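A short worksheet on the structure shown next.
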Amino acid sequence: MPIRSKKPCKKIGCSGLATYPNKYCSMHLEIEKQEIAKRNSFYDRNIRDKECDEFYHSDDWIKSREYILKKYKGLDLYVYFILNEIVYADTVHHIEELKENWNRRLDINNLIPMSNPTHKKIHAMYKKDKAKTQNLLFKLIERWRKEMM
């Protein structure tokens, strides 16, 4: 599988190189973490409802999220099977969203690991054809079970 090339660090004046999926070099990764925290905080305050916000900060969710990341060896399953690349996951996505089916919020068969760029792509795909995209994600989980377990 191809290895991604490094990119220039986004920190103005820095000559370091960032490794995918990071946008900053190792010296400036803290800036990226702060940007992500700020973006997540905005989302939590202005977009996510209170019940979901409380859930995403619960011990049950944190344990489930860690379990899913370990179960799938930290891989972004979408990129692994569709693009044949190895990209590490930093997000766990609910295939059937919380607002759609609250009862599946901790169902491991409804959770799939992915990177942040893939997560954005999946939500864009949901806008075009949600049912087809959800079906694809469920099939990726099933494919993992058949091929890797």
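Treat the numbers as computed from the prediction; the structure is a model and nothing was measured. Quick note: numbers below take in every heavy atom, side chains included, and nothing from hydrogens, waters or symmetry partners.
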Validation row: Leu136, Tyr78 side chains within 4.5 angstrom (heavy atoms): yes

Are the side chain of Gln134 and the backbone of Ile95 linked by a donor-acceptor contact shorter than 3.5 Å? yes

With salt bridge (charged side-chain N to carboxylate O under 4.0 Å, His left out) as the rule and sequence neighbours excluded, what pairs involving residues 103-117 come up? Glu96-Arg104, Arg104-Asp107

Can you tell me how far CG of Leu69 sits from CZ of Arg65, rounded to the nearest 0.5 angstrom? 5.0 Å

Applying ring-ring contact (aromatic ring centres under 6.0 Å, His included), name anything that partners Trp144, two or more places apart in sequence or on another chain. Tyr72

Qualifying residues under side-chain contact (heavy atoms from CB on, under 4.5 Å), relative to Arg143, sequence neighbours excluded: Phe81, Glu147

Using a 4.5 Å cut-off between side-chain heavy atoms of Ile, Leu, Val, Met, Phe, Trp and Tyr, which other residues end up in the same hydrophobic cluster as Ile31? Tyr24

Any residue meeting side chain to side chain donor-acceptor pair (under 3.5 Å) with Lys130, in chain and number order, not counting sequence neighbours: Glu97, Glu100

For Leu29, which residues count as a side-chain contact (heavy atoms from CB on, under 4.5 Å) partner, sequence neighbours excluded? Asn22, Glu32

Among residues at least two apart in sequence or on other chains, which ones pass side-chain contact (heavy atoms from CB on, under 4.5 Å) with Asn135? Lys139

Applying side-chain hydrogen bond (donor to acceptor under 3.5 Å, both in side chains), which residue pairs with at least one partner in residues 111-124 are found, sequence neighbours left out? Asp76-Ser115, Asp76-Thr118, His93-His119, Ser115-Thr118, His119-His123

By ring-ring contact (aromatic ring centres under 6.0 Å, His included), which residues pair with Tyr88, not counting sequence neighbours? none

To the nearest 0.5 Å, tell me how far Trp61 CH2 sits from Cys52 SG. 11.0 Å

Among all residues two or more places apart in sequence or in another chain, which pass the side-chain contact (heavy atoms from CB on, under 4.5 Å) test with Tyr67? Lys71, Ile108

Taking only residues two or more places apart in sequence, or in another chain, which ones meet Glu35 in a salt bridge (charged side-chain N to carboxylate O under 4.0 Å, His left out)? none

Which pairs, with at least one residue in residues 8-30 and sequence neighbours excluded, count as a salt bridge (charged side-chain N to carboxylate O under 4.0 Å, His left out)? none

